[in-house]
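One structure is given below, encoded as structure tokens.
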Amino acid sequence: MLPKKNRLVTRGDFKGVFRGGLRARSGPFQLMCQKNKTNNARFGFIVPLSVSKKAVRRNKLRRQMHEFIRMMIFQKISGYDCVIRAYPGADELQYDEMGQYIMEMIKKAGIL
RNA sequence: UGUAUAUGCCGGGUAGUUGCCCCCGCUAAGGCGGGGGAGGAAAGUCCGGGCACCCUCUCUGCCAACAUCUACAAAUCUGUGGCAGAGCAGAAGAAGAUAGUGGUUAACGACCACCCCCCGCAGCCACGGGGCGAGACAGUACCACAGAAACAAAACAGCCAAUCAUCAUCAGCCCUGAGUAUAAAGCUUGGAGCAAUGAAAGAGGUAAUGGUGAAAAGAGUGAGGUAAAAGCUCACAGGCGUUAUUGGCAACAAUAACGUGAGGGAAACACUUAUCUGGUGCAACUUCCAAUUUUGUCCACCGCAAGUGAAUACAAAUCGGUGGCAAAACGAGAGGGCUUGAUUCCGGCAGUGAUGUCGGAACUAGACAGAUAACUACCACCCCCCGCCUCGGUGGGGGAUACAGAACCCGGCUUACAGGCAUAUAUAAAAA
RNA sequence: GGCCCUAUCGUCUAGUGGCCUAGGACGCAUGGUUCUCAUCCAUGUAACCGGGGUUCGAAUCCCCGUGGGGCCG
């Protein structure tokens, strides 16, 4: 998991990112980004009920996304608020496949 | 030993790397060190309780204003109102719930023990399974189709000639008209009545019989009885009710006596009886407070302007506006509620049991876009394939490891669940 | 977290315990009409969410699940 200061917390934080405009999509994921005024990068993850009806699967997918961001690219990004949303089909992917899709989105968005 | 069912229990382990949440200690801070970190169902939300607030009522205390009475006045008392606290307090209801008995419990529709009924099963032994298991001689409705008829008695078909009414026969009895004959009797013929025989189902009797149907006035068998019949009567067997005795805390069971002849369903009803229930739910409730709104005998500035002044101008009050301050409302966000509790474990005692009680020990998640994880290796267990040998061991490779994630907390119920352990029962094979 | 509602052919729906072997509309299929298509006509197709129970009998009544939908501060 990411430290608490690197997470998006309130409803207002998420609404701000939705209006940010910078978006990219790859496979069953969508990335939305907005610049913030700090040096921190903050991340939020959305796994709607339509991905899986089981709470265990949704929580696991969210944790895996947290883990991938933390391990791979967390140190390289700064000054952005990002939200990653999952769509149906995401719960059937392996950890490596999920990582490839997320990397692709980040390259498309060009925030590295 | 295998398989099946039921019940109870367990629900992978170790190590490494990188991380997350909470608590404690140290530090100026960054951070460092230590400790803890999902379940048997955390799920469904089908029930029950704790706890919190609200409504009503009762009691206690305090408060001030008004009213009334008394009094010179004050105090006190009463009523109304407000605040605080307490309360095994919750009338009523065409509202809701429960329903065999006894017990357990904080409480329950849960649990335990027993009773009764149904099924497995030929069976009121036993065993296993199931049961919303009070009342259908208070009321309102319902019982399709078929059938004579579906619950109230009747109608219909059928049966019956004992009775009444009718018809026929008549060589019996009796009365009588006419004819003939006569002393009378007699003979011939007609009529009414009685009896007998027969016909006929109009009145009447009968409900046992009636291709149906889930169910047919619901008491079976045998005998008597009758015109034909029927619990109409009797014997035996059985049902139901009341009473008594015995056993049991009780439901109830057994026996005896007396009585009795009743269709079904209340998981049909805003039906009855008995008992119980105030409402809402931690998104309860509460504290802080950004922005916003409203208010102000408050402060500052601006506008209008009585007025002042020769004049540029100055200018009180009122009213309007802006800002500040204060108060209230609202509710983005933050804090509390939030984990020591009908708690967990061990042991003793009581009880058939659910459970209770006594003693000792322990502290065991508190998140809030929501921590408890990700990856790797090895081991354990199960399955498959290949190789080796001492034939049940060993080596290698591959696969599988469930259901599922706390959100105020407990007690149940229900549903999901790879694999494993224990016990009981049934069954199959082998051995003795 | 808490509290509610609902489920019938492919779709929208009707359905007082028995006339339900579940009706209607739109679809879909086949045939007819037309030179052809559409329209129209005829015939067919296809459903009571699952499991127990009550009852002689259940889509309907009762219980337990499953799926779908809604509300709150």
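Each chain gets a letter, A, B and so on, in the order its sequence line appears, and its residues count up from 1.
Across B/rA244 and B/rA262, the matching C1' atoms stand 25 Å from one another, rounded to whole Å. Separating the C1' atom of B/rU372 from that of B/rU425 is a span of 44 Å, rounded to the nearest Å. Nucleotides B/rG366 and B/rC22 place their P atoms 10 Å apart, quoted to the nearest Å. Rounded to whole Å, the C1' atom of B/rU242 lies 25 Å from the corresponding atom of B/rA217.
Note on A/Leu31: it clusters hydrophobically with A/Met103, by side-chain heavy-atom contacts below 4.5 Å among ILVMFWY residues.
Anti is the classification of B/rG133, since its glycosidic angle lies more than 90° from 0. In B/rU352 the base sits anti relative to the sugar, since the glycosidic angle is further than 90° from 0. Look at B/rG231: its glycosidic torsion is within 90° of 0, and that puts it in the syn range. Look at B/rA97: its glycosidic torsion is beyond 90° from 0, and that puts it in the anti range. Look at B/rU364: its glycosidic torsion is within 90° of 0, and that puts it in the syn range.
Of the nucleotides present, B/rA362 is the one that pairs with B/rU343 by Watson-Crick or G-U wobble criteria, both distances under 3.5 Å. The partner of B/rG25 is B/rC32, judged by Watson-Crick or G-U wobble contacts that both fall below 3.5 Å. When Watson-Crick and G-U wobble pairs are counted only if both distances are under 3.5 Å, C/rG10 pairs with C/rC26. Pair assignment for B/rC288 gives B/rG333, based on Watson-Crick or G-U wobble hydrogen-bonding distances that are each under 3.5 Å.
If you take CZ of A/Arg58 and P of B/rA404, they are 12 Å apart, rounded to a whole angstrom.
Taking A/Arg57 as the reference, A/Ser52, A/Lys54, A/Lys60, A/Asp91 meet the side chain to side chain contact (heavy atoms under 4.5 Å, CB included) condition, with sequence neighbours excluded. Residues forming a side chain to side chain contact (heavy atoms under 4.5 Å, CB included) with A/Lys35 (at least two apart in sequence, or on another chain): A/Tyr80. Residues passing the ring-ring contact (aromatic ring centres under 6.0 Å, His included) test with A/Tyr101: none are found, sequence neighbours excluded.
With salt bridges taken as basic N to acidic carboxylate O contacts below 4.0 Å, none links A/Lys107 and A/Glu104.
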- At under 4.0 Å between heavy atoms, which parts of nucleotides 368-373 of chain B does protein reach? Answer with one letter per nucleotide, 5' to 3': B base, S sugar-phosphate only, - none. SBSSSS
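Residue pairs meeting the salt bridge (Lys or Arg N to Asp or Glu O under 4.0 Å) criterion with at least one partner in residues 78-90 of chain A, sequence neighbours excluded, are A/Arg42-A/Asp81.
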Using nucleotides 415-419 of chain B, report all nitrogen or oxygen pairs with the protein that are shorter than 3.5 Å.
none

- Test side chain to side chain contact (heavy atoms under 4.5 Å, CB included) applied to A/Tyr87 and A/Arg25, step by step: CA-CA 11 Å; A/Tyr87 285 91; A/Arg25 179 143 184 182; 3.7 Å; yes
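Tested against A/Ile84 for a side-chain contact (heavy atoms from CB on, under 4.5 Å), the candidates A/Ile46, A/Ile106, A/Ile102, A/Val47 yield a single pass: A/Ile102.
The distance from atom CE of A/Met65 to atom CZ of A/Phe29, rounded to the nearest 0.5 Å, is 6.0 Å.
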